[in-house]
Amino acid sequence: MPKIVDLNCDLGEGFGHWTMGAPDEELMEVISSANVATGFHAGDPTLMNRVVKLCQQHAVGLGAHPGYRDLVGFGRRYIRASSEELVNDILYQIGALREFGRRYGIALQHVKPHGALYMEAAANEDLSRHLVETLQRTAPELALFCMDISHTYEVAQRLGQPVVREFYADRDYDASGSIVFQRRVAPPDPAKLAEKCLRACLDNTVETVDGKEIRVEFESICFHSDTPGAVEIGRAIKTTLLENGITIAPAALVLKQD
């Protein structure tokens, strides 16, 4: 059977008159799942409403993208707080987006912590456990997006929460399988990123920054709306995968195929 994979991107990352990244409307035509900013690192109610409506119109999987309470730092700065406090913040943000989804008759598909909070959960087993246990009480059907080498994935698997592993198209990998973050990213070549994604889909491997080849396991491919040329990157990935017999579908459908 042909391989099936999700293609996700972070949307709604603005606030009031401030906008960041590529236009949501253009990205929506490329992706199959959207991670919608929920107000703490970016986003506001009017913007959330608009993006949720776009998800409904384009049949794109709706996901909450909760972050640290850090508008100035765009959620990319670590904040020292207890697991309980951070999970309360996440639950608050999930609830806000879920109501907008109900407004347009679209169910919440997934949750994906944003930025530094995503990486903290990956490294912090206590935070991951608190998050998964809370999801099991409040939204046991909600898929949790994470990396395959993370505590988040291990805990979700162990406790039985639906989980989606990600492959990062526009981020480099180190030998451990972790993402290498760069504050300033030069415009990448969309064709090269598309080939990188195709190789990962076909043989589950990626080349690291030091030239090694490592194995990666994933159900979804992520690219970022604030990467220069994001729309062209998304289009190149989608076209390349489809031309090579790989189906792109929302994460909920990908999980049903496994």
Side-chain angles (χ1 to χ4, degrees), residues 5-68 70-71 73-76 90 93-118 142-146 164 166-171 185 190 193 197 219-238 248-254:
V5 69
D6 176 46
L7 182 60
N8 80 79
C9 189
D10 306 339
L11 300 186
E13 294 190 316
F15 193 83
H17 295 292
W18 169 70
T19 59
M20 183 173 184
D24 294 329
E25 291 82 359
E26 294 183 34
L27 291 168
M28 196 67 71
E29 297 177 357
V30 177
I31 62 175
S32 53
S33 291
N35 318 307
V36 184
T38 46
F40 277 25
H41 78 280
D44 61 39
T46 298
L47 184 52
M48 291 163 64
N49 180 77
R50 181 172 65 81
V51 177
V52 170
K53 188 175 181 179
L54 285 171
C55 286
Q56 190 272 336
Q57 292 170 346
H58 290 268
V60 166
L62 176 63
H65 201 33
Y68 279 126
D70 180 27
L71 284 174
F74 193 60
R76 289 177 174 165
I90 291 171
Q93 294 175 80
I94 291 173
L97 189 68
R98 184 157 45 192
E99 288 306 301
F100 283 106
R102 287 174 175 163
R103 185 179 198 175
Y104 294 103
I106 178 172
L108 198 60
Q109 172 190 255
H110 70 274
V111 58
K112 173 182 172 179
H114 166 79
L117 184 56
Y118 180 96
L142 207 60
L144 180 58
F145 277 37
C146 60
V164 172
E166 294 188 284
F167 176 76
Y168 280 86
D170 53 355
R171 295 289 187 267
V185 181
L193 295 189
C197 293
E219 290 79 33
S220 184
I221 295 172
C222 173
F223 68 101
H224 294 81
S225 63
D226 61 331
T227 297
V231 174
E232 290 72 22
I233 290 169
R235 288 172 178 162
I237 294 170
K238 183 174 184 177
I248 296 174
L253 295 180
V254 176

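Model, not experiment: these values are computed from the prediction. All values below come from the heavy atoms of this structure, side chains included, with hydrogens, waters and symmetry mates left out.
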For the residue pair Leu11 and Leu54, establish whether any side-chain heavy-atom pair is separated by less than 4.5 Å. no
Can you tell me how far apart NE2 (His65) and SG (Cys9) are? Round to the nearest 0.5 Å. 9.0 Å
NZ/Lys53 to CZ/Arg50 distance, rounded to the nearest 0.5 angstrom? 11.0 Å
Taking side chain as C-beta onward, heavy atoms only, is Ile90 less than 4.5 Å from Leu117? yes
Show the nearest heavy-atom pair for residues Ile248 and Ser32, with the distance to one decimal. CG2-OG, 3.7 Å
Using side chain to side chain contact (heavy atoms under 4.5 Å, CB included), reason through Ser33 and Lys112 one step at a time and then give a plain yes or no. CA-CA 11 Å; Ser33 291; Lys112 173 182 172 179; over 6 Å; no
Return the CZ to CG distance between Phe40 and Asp70, rounded to the nearest 0.5 Å. 11.5 Å
Determine the sole option in His224, His110, His114 for which the side-chain contact (heavy atoms from CB on, under 4.5 Å) test with Asn35 is passed. His110
Taking the side chain as C-beta and beyond, is there a heavy-atom pair between Leu193 and Phe223 under 4.5 Å? no
For residues Gln57 and Met28, determine if any side-chain heavy atom of one lies less than 4.5 Å from a side-chain heavy atom of the other. no
Given the options Ile237, Asp226, Thr227, Asp170 meets side-chain contact (heavy atoms from CB on, under 4.5 Å) only with Thr227
Which heavy atom in Leu7 sits nearest to a heavy atom in Gly234, and how many Å separate them? CD2-O, 4.2 Å
Between Ala64 and Leu108, which heavy-atom pair has the shortest distance, and what is it? N-CD1, 3.9 Å
Please give me the minimum heavy-atom distance between Ala34 and Cys55, naming the atom from each residue. CB-SG, 3.8 Å
At what distance, to the nearest 0.5 angstrom, does CG of Leu47 lie from CD of Glu13? 9.5 Å
Quick check: closest heavy atoms across Pro66 and Thr38, and the distance to 0.1 Å? CA-OG1, 3.3 Å
Please examine the side chains of Leu27 and Val231, heavy atoms only from C-beta on, and report whether any two atoms are closer than 4.5 Å. yes
State, with a plain yes or no, whether a side-chain heavy atom of Arg235 is found less than 4.5 Å away from one of Glu26. yes
Does Val52 reach the side chain of Leu97, with side-chain heavy atoms less than 4.5 Å apart? yes
Would you please say whether a donor-acceptor pair under 3.5 Å links the side chains of Asp6 and Ser220? yes
Would you say the side chain of His41 lies within less than 4.5 Å of the side chain of Arg76, judging by non-hydrogen atoms? no
Check: Gln109 side chain, Ala252 main-chain N or O, donor-acceptor pair, under 3.5 Å: yes
Taking every heavy atom of Glu219 against every heavy atom of Val5, the minimum-distance pair comes out as O-CG2, 3.4 Å
Mind checking the CD-CE spacing from Glu99 to Met48? Nearest 0.5 Å is all I need. 10.0 Å
Calculate, to the nearest 0.5 Å, the distance between atoms CZ and CG belonging to Phe167 and Asn8 respectively. 12.5 Å
